[in-house]
Structures are given as C-alpha cells and as structure tokens.
Amino acid sequence: MKTFIVALVVLFLSFIGNSQELKSPNGELVLQFSLVSNGVPTYQLSYKNKPVIKSSKLGFELKDDKNSLLDDFIVSNIKTSTFDNTWQPVWGKQKDIRNHYNELAVTLTQKETNRNILIRFRLFNDGLGFRYEFPSQENFAYFVIKEEKTQFAMTGDHTTFWIPGDYDTQEYDYTESKLSEISQKFDGAVSENASQKQFSKTGVQTALMMKTSEGLYINLHEAALINYSCMHLNLDDENMIFESWLTPDVNGDKGYIQAPSNSPWRTIIVSDDARDILASNITLNLNEPCEIEDTSWIKPVKYIGVWWEMITGKSSWSYTNELAAIELGVTDYSKVKTNNTHAANNTKVKQYIDFASEHGFDAVLVEGWNQGWEDWFGKSKDYVFDFVSPYPDFDVEAIHNYAKSKGVKMIMHHETSGSTRNYERHLDKAYQFMKDNGYDAVKSGYVGDILPRGEHHYSQWIVNHYQYAIEKAAEYEIMVNAHEAVRPTGICRTYPNLIGNESARGTEFQAFGGSKTNHVTVLPFTRLIGGPMDYTPGIFEMDISKLNPNNNSHVNSTIANQLALYVTMYSPLQMAADLPENYKQFMDAFQFIKDVAIDWDESVYLEAEPGDYLTIARKEKSSNNWFVGNVNGDNSRTSNITLNFLEKGNKYTATIYADAKDAHYKTNPQAYTIKTKTVTYKTKLSQLSVPGGGYAISIIEKK
C-alpha cells in the first residue's frame, strides 16, 4: 500500500478571509466555501467550469437552543492537504482501489456562544464528500438535532430517478421525472409495503440520480452512516433546492450527539459520462479502513435456497394452520398437524443440498426453519422468535451433517419481525448456535413496524442496532446479509463481514405484482452506490401462476436479462433464486449461473444510461476470465461493444447468452440463443437486447 500525505497550508484567522477554493486532483471539480451575510456557511461546486451545486447553506437547527448552528460564524482555522493511497478490499468490484483527494478543513466559531464546529471537504476527481465534525469542548458536549439543514441547490429542473422519501422502506419502483414533477407524481410512486411512513410530497431518498439538460450526471448520497439517523432529501420545488431531512425517533428528534463526534459524509458524484457514476469509489473511500484483523473467514458466496416457493405462495414459512397464537417454549408443536405446505422440512432441504452439491454452489439458505411463524407479523410482538428452536420437521444436526457430507454450507435465517430488542436479547446465543451447527452466514430480516414502538427503520437508535449486529457477528466470525435494514453507505469497507444487503425493491416484488421493466437499469445508479445488493436474481419461470395458481404476477424480465444481473447487480453474495425444477428445464442457460464469478479483479463499464441500459465487463479474481452483462429497459436496442479490455495476444472462447429475435419480457421471456465464438481484444460485438432483456457473456481464456 502506498500512501502520500502532504500538509499544504495552515492559515489562522488573522491571515484568511471568508471564502476558500479547493480543486480536485485533476482540476476539473472546484469547490468554493464561503461565509455569507450574518456568518452563514455555504458551499458551491462546479465541474469543467459548469455549475453543479449553486450556493447552498450548511448547518443545524438544534432542539431547545435559540442559537442553533446556522449562522453567526467566523472562520477560526483552515487546513488543506492532499491524500493519495491504494488499498485492497477483502472482496469487491476491483482488486485495488485508489483513494485520491484534496481536502479542506474549515473550523468555524460561533461568536455569541464561542462554540466550534469543523466542516471537512474532500474533493475527488469524480465528486465531493463533506461532513460536520463536533470537537470536544467545555461548552458544547451534548446536543439534540432538530434538523440538519444541509442544502443541495440544483442548477435547473433536472431529470431525476427517485423513490418516495420514507422512514421505513426503500422497496419502491423508481419514478423518472423532472424535479418539478415530483409532488404531482408522488402519490402514484407510493406502493403498499409492510412498514412505511412518508414525510413530504417532495421528499425523496438517496442515492438520488439526476441528469441535467446539458448531459451532466449527478448523484447525491451519504457515506459512513454511524451513530446518526439516515438522511433523506426534501425538495423546495420553487427554487430547486434539496435540503437534508433526517429520520426522527419516537419523540420526533433527529439525533442525540455527544462530542467529539461527526456526521456521516454527504456525497455528490458528478460526471458528463454515466459510466463514471458506476465506477466511482467515493462511498467506500469515505469509510474507515477494515476493523477486522483476520478476514480469512470472509468469503464470497453463491447460493440457492428454500425461499422463492414461499415468496410466490407455493409453500409456507409456518408449520401449522391450527394455531392463531404461539408462545415460544410453551407451545407444543408435536400436538398439532402440519399444514403440508411448510417448505423447511428435512426431505425438501436435502433436495436443495443435493442440487447445490451437484452444480457447485457454496451454500443453501433455508427460511422458515424456526418456531414462531404462525403469528410473526403485524402483532407488535416482542418475544417473537428465539432463533434456536426448530420446527419438528427440521433436524438442525442432521441437516448440518448431510450438508457437510456434500461439501455445502448452510446459511441461517433470522427474521426479527422488526423486534430489535428481542434480537439483541438473543444475539449471542443465536450466533453461538450458528457456529455450533456450521453456519458461517446469516440472512437477517426486519419486516414490519419496528419495536420499540414508534421507532423507524432508519432512525439513529435502529441504525445503531444494525451496526451492533454486524460488529457482534464479527466477534463470532459470521457474515451478515441484512434485509429491510437501512440502505448501505459503504460500511462494508470497515466491516466486510457485511457481505450483502437488500434495502431496495428486490426480485421478490416480481412475485408481488411485478416491477418496472427498467428497474435493474436504475438500481446500479442508485441503491448500489452504497454497497452490494442481495437482489436474488436468476428467475427462469416468469409466469408465477405456474407455481401458485392464486398468484397472477409476472416477472418482467427475459431469461437473458436474469443471467446478466449476476454481472450488472454487483454482489459477493449471489443467489440462484428460482426452484431447482425450473432450472432443470433450461440447463444450457443455467450454465452461465454456474460459471459466473462473484469476486473480481477489475470492472469495465462499457455502456450506461440510467433507466435505459448498461453493459459491464468484470474480470474474475485471480483469473484471466471475463464475464459481461447487459440489461435493457423498455425499448429494443442494439448494443455495440469492443472487447479491448481483454489481454493482447490471448485468445478466448466467448459463450453468448442472448435474447432471441422474438423474445419479449412479457410475451416471450424464455426465448434465448446461445452461441460460441473465438474472440480477442480486437473483437467487436453487436447484440440485440429486447424490452426487459439483455445478454450475458462468459469469456474464458484458451489454454
């Protein structure tokens, strides 16, 4: 690892004015910080001499504090520096990540109160990160945030890909509209969810993706969300100014702060090339280095699972239909009849293990194995699961031994039903139970309203709960895949045992009425900016009524599109989500899922336009093999790419899995072609992608 740090300037109050300028290492981005009338801190950002963020205010409104932290400031200290190093993630989209920025640290003193805050700006070649820091000081040790007042003043009525601001869910389809149209389209953008709470008809969530009329791409998000509430954005649509809007707690407070501490980073990624947004590592770079000394136990995982059949309604999580209420440790399941739809039974699970072993999968996830599913949802029930008591038809030890004999790991499932106190009560026992029975990874869930009552999925207290679960898991050498948790903000750099998150509208919604055709062309520009998503791709049977006659949902995708997701929807945790019997009908297409890598040395972004299409090539870790994925939106198009990322002088065998000419996500989703050809770095490919379609290519080096 190479590190280069140089202090450039240290200037004190007697030598400085109220305005400072900072340039990115390549000089294309310019930040200006100023104190305007009455000592109000502001910033603005430009890219290649074009304004990106107009003059925008910074500060906080504090609870029961007449001064707050909004104005009356003077600049008492300024430091600038530059930093340049390269680090290696435990897993990731590339082997080496460069962290190169210029920094401006501005200390502000409030004249009347003599309180100090520091605003730290880091300007990269692809964007800006800034945060508030609260130094230790006698007269400002504790305070309560009423609202963070960070502004992002837009330069125009940009095209925006947004989901409604919500304290409890991100599981919405994206709406594409002008900023000025958000309020009128807001109600139509809200769909039903197990837990949800919107706050404003102009409120949206990050990561927020925008495109200006001049072709500039802008992404707003946050990084390193630790001991703080999640940030949304609320739009003043008359002036086109976004302002931060933190998630409140049960009392309506936005954050309890004890100095010394700091806020998360607020991030602005900007480029005139959409591919640069996908390639940005700002979110990771603004997080702290890895806290886990020995990471040898953290390994990418390709898995299957007893899950999709319950999602579609073909099977159930619960063991019996005879009980309206159960009490853990009291209810005797041996005295009730099984409902014959319970999926997590020994026979079925062994079949999944056999399939995983035969086709080279690392692990099998089993949901619904544990007691409590009869009354788990919507009851505001505290002691809902104990995470160690199996149903009568699931033999933990026997399944563990069987999986071990087949060379397959098991993935544990911990649904909390939002009862965070109960989960923390059981965490040590539950994690130890996992280790005793050979489980190295857990999928946790937070479906429904949060307990304690009145808290939200994204408030400070619950954000701290998610972090506690990750850090506690690291003590037991357990990897975490958290669903319904707060959206990721790059914390996987610091705690790489956070190997996956859901925190967005995943494949399950294809069985709940379907998602928009272009949904997967938007997610890499939004949700994936913060970290990998357990999207659970790989559905081959699009007509859900064939699994459950009472469910008329349709998966709005072609098979080729589903294959491409293993490349375009980056994750070190990838599921083949469909039923084994559906894969057996299309074993030639299933071969790509078996072959595709899940950890990478290099990623190349070939084509990208949010909402329309993207094409990504990735080089397998410690290999010369490459895999390419293309996903397409609503309109047919021809994708043209050059394989100039391949090593010169080498020949490769490319297997191309593509939409058939008559394929269509709705009318003919299972129509695909497979062809093989020899390719080199000079090869150019022209490939049709139909609506909701795409293609996937494995490029294997010839020996």
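Keep in mind that this is a model prediction, so the values were computed, not measured. The first residue of the sequence shown is numbered 1, and numbering continues consecutively from there.
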(request) Can you see which heavy atom on Ala223 is nearest to which on Thr283, and at what distance? (result) CB-O, 3.8 Å

(request) Using distance alone, with no hydrogens and no angle criterion, decide if Trp265 and Asn287 have a side-chain donor and acceptor under 3.5 Å apart. (result) no

(request) Could you pull out all residues at least two apart from Pro264 that satisfy side chain to side chain contact (heavy atoms under 4.5 Å, CB included)? (result) Glu222, Leu225, Tyr228, Arg266

(message) Check for me whether the distance between the ring centres of Phe60 and Phe143 falls short of 6.0 Å.
(response) no

(request) State whether the side chain of Asn102 and the backbone N or O of Lys23 hold a donor-acceptor pair below 3.5 Å, judged by distance alone. (result) yes

(request) Ignoring hydrogens and angles, tell me if any N or O in the side chain of Gln205 forms a donor-acceptor pair with the backbone of Thr169 under 3.5 Å. (result) yes

(request) Report the distance from atom OG of Ser81 to atom OH of Tyr101, rounding to the nearest 0.5 Å. (result) 6.5 Å

(message) Quick check against the 3.5 Å criterion: does Asp237 have a side-chain atom that pairs as donor or acceptor with the backbone of Ser180?
(response) no

(request) Could you tell me whether the side chain of Arg487 reaches within less than 4.5 Å of the side chain of Asn501, counting heavy atoms only? (result) no

(request) In plain terms, say whether Glu424 and Arg421 are close enough for a salt bridge, that is, a side-chain N and a carboxylate O under 4.0 Å apart. (result) no

(request) Specify the closest pair of heavy atoms between Tyr172 and Asp166, including all atoms of both residues, with the distance to one decimal. (result) OH-OD2, 2.7 Å

(request) For the residue pair Ile182 and Thr175, establish whether any side-chain heavy-atom pair is separated by less than 4.5 Å. (result) no

(request) Might you confirm whether atom NZ of Lys429 has over 12 heavy atoms from other residues, nucleotides or ligands at distances under 6.0 Å? (result) no

(request) Scan side-chain atoms only and decide if Ser280 and Asp126 contain a donor-acceptor pair under the 3.5 Å cut-off. (result) yes

(request) Check for a donor-acceptor pair, side chain of Glu147 on one end and backbone N or O of Leu246 on the other, with a separation under 3.5 Å. (result) yes

Counting only pairs under 3.5 Å, give me each side-chain donor-acceptor contact of residues 442-452, with atom names and distances, residues two or more places apart or in other chains.
from, atom 1, to, atom 2, distance (Å)
Lys443, NZ, Glu367, OE2, 2.5
Tyr446, OH, His465, NE2, 2.9
Asp449, OD1, Ser195, OG, 2.7

(message) Asn125 vs His100, test: side-chain hydrogen bond (donor to acceptor under 3.5 Å, both in side chains). Steps then yes/no.
(response) CA-CA 8 Å; Asn125 287 338; His100 188 199; 4.7 Å; no

(request) May I ask you to test the Ser571-Tyr535 pair for a side-chain heavy-atom distance under 4.5 Å? (result) no

(request) Could you please spell out the steps behind the side-chain contact (heavy atoms from CB on, under 4.5 Å) verdict for Asp168 and Asn193? (result) CA-CA 9 Å; Asp168 288 296; Asn193 196 273; over 6 Å; no

(request) Begin with the C-alpha distance, continue with both residues' side-chain angles, and end with the deciding distance and a verdict on side-chain contact (heavy atoms from CB on, under 4.5 Å) for Thr202 and Phe186. (result) CA-CA 7 Å; Thr202 54; Phe186 189 90; over 6 Å; no

(request) Check the surroundings of atom NZ in Lys178: do more than 12 heavy atoms from other residues, nucleotides or ligands lie under 6.0 Å from it? (result) yes

(message) Return the CG to NZ distance between Leu45 and Lys50, rounded to the nearest 0.5 Å.
(response) 14.0 Å

(request) Verify whether one side chain among Thr247 and His232 offers a donor that lies under 3.5 Å from an acceptor in the other. (result) yes

(message) Please confirm whether the ring centroid of His457 lies under 6.0 Å from the ring centroid of Tyr466.
(response) no

(message) Do Tyr132 and Leu58 have side chains that approach each other closer than 4.5 Å (heavy atoms only, starting at C-beta)?
(response) yes

(message) Tell me if the centroids of the rings in His414 and Tyr423 come within less than 6.0 Å of each other.
(response) yes

(message) I'd like to check the salt bridge (charged side-chain N to carboxylate O under 4.0 Å, His left out) partners of Glu112; sequence neighbours left out, ordered by chain and number.
(response) Lys66

(message) Do Leu233 and Trp162 make a side-chain contact, defined as non-hydrogen atoms from C-beta onward lying under 4.5 Å apart?
(response) no

(message) Assess the residue pair Thr113 and Asn67 against the criterion (side-chain hydrogen bond (donor to acceptor under 3.5 Å, both in side chains)); give the C-alpha distance rounded to whole Å, side-chain angles, the decisive distance to 0.1 Å, and a yes or no.
(response) CA-CA 8 Å; Thr113 65; Asn67 296 96; 5.9 Å; no

(request) State, yes or no, whether a side-chain contact exists between Phe33 and Leu22 at a heavy-atom distance under 4.5 Å. (result) no

(message) Can you tell me how far apart CD (Glu455) and CG (Asn251) are? Round to the nearest 0.5 Å.
(response) 8.0 Å

(request) Output yes when a side-chain donor or acceptor of Glu176 lies under 3.5 Å from a complementary backbone atom of Gly611, and no otherwise. (result) no

(request) Please confirm whether the backbone N or O of Ser56 pairs with a side-chain atom of Tyr43, one donor and one acceptor, at under 3.5 Å? (result) no

(request) Output all residues satisfying salt bridge (charged side-chain N to carboxylate O under 4.0 Å, His left out) with Asp253, sequence neighbours left out; order by chain, then residue number. (result) Lys63

(message) How close do Ile257 and Gln460 get, counting heavy atoms only, and between which atoms?
(response) CD1-NE2, 4.4 Å

(request) Write down the atom of Pro532, the atom of Cys492, and the distance for their closest heavy-atom approach. (result) CD-SG, 4.2 Å

(request) Starting at CZ of Phe385, measure out to NE2 of His426 and round the result to the nearest 0.5 Å. (result) 11.5 Å

(request) Output all residues satisfying salt bridge (charged side-chain N to carboxylate O under 4.0 Å, His left out) with Lys211, sequence neighbours left out; order by chain, then residue number. (result) Glu609

(message) Please enumerate all residues that pass side chain to side chain contact (heavy atoms under 4.5 Å, CB included) together with Asn114, with sequence neighbours excluded.
(response) Thr109, Asn139

(message) Can you tell me how far apart CG (Leu573) and CE (Met479) are? Round to the nearest 0.5 Å.
(response) 8.0 Å

(message) For Tyr174 versus Lys516, what's the shortest heavy-atom pair and its separation?
(response) O-NZ, 2.8 Å

(message) I'd like to check Leu29 versus Leu128 (side-chain heavy atoms, cut-off strictly below 4.5 Å). Are they in contact?
(response) no

(request) Hey, can you tell me if Phe509 and Phe512 have their rings parallel, tilted or perpendicular (30° and 60° cut-offs)? (result) perpendicular

(request) Say whether, by atom type as modelled, one donor and one acceptor occur between the side chain of Thr42 and the main chain of Ser34 under 3.5 angstrom. (result) yes

(message) Any carboxylate oxygen within less than 4.0 angstrom of a Lys/Arg side-chain nitrogen, looking at Glu288 and Arg493?
(response) no

(request) Examine distances only and state if a side-chain atom of Gln32 and a backbone atom of Gln44 form a donor-acceptor pair shorter than 3.5 Å. (result) no

(request) Could you walk me through whether Asn422 and Thr416 pass side-chain contact (heavy atoms from CB on, under 4.5 Å), step by step? (result) CA-CA 8 Å; Asn422 182 60; Thr416 70; over 6 Å; no

(message) Looking at Leu179, is its backbone amide N or carbonyl O close enough to the side chain of Asp157 to form a donor-acceptor pair, meaning the two atoms are under 3.5 Å apart?
(response) yes

(message) Do Lys472 and Asp428 have side chains that approach each other closer than 4.5 Å (heavy atoms only, starting at C-beta)?
(response) yes

(message) When you measure from the side chain of Thr206 to the backbone of Leu208, do you find a donor-acceptor pair of N or O atoms at a distance under 3.5 Å?
(response) no

(request) Please lay out, stage by stage, how Tyr495 and Glu291 fare under the test side-chain contact (heavy atoms from CB on, under 4.5 Å). (result) CA-CA 6 Å; Tyr495 289 93; Glu291 286 281 355; 3.9 Å; yes

(message) Looking at every heavy atom in both Tyr458 and Ala485, which two are closest together, and how far apart are they?
(response) CE2-O, 3.8 Å

(message) Rounded to the nearest 0.5 Å, what separates atom CG in Leu35 from atom CG in Leu108?
(response) 6.0 Å

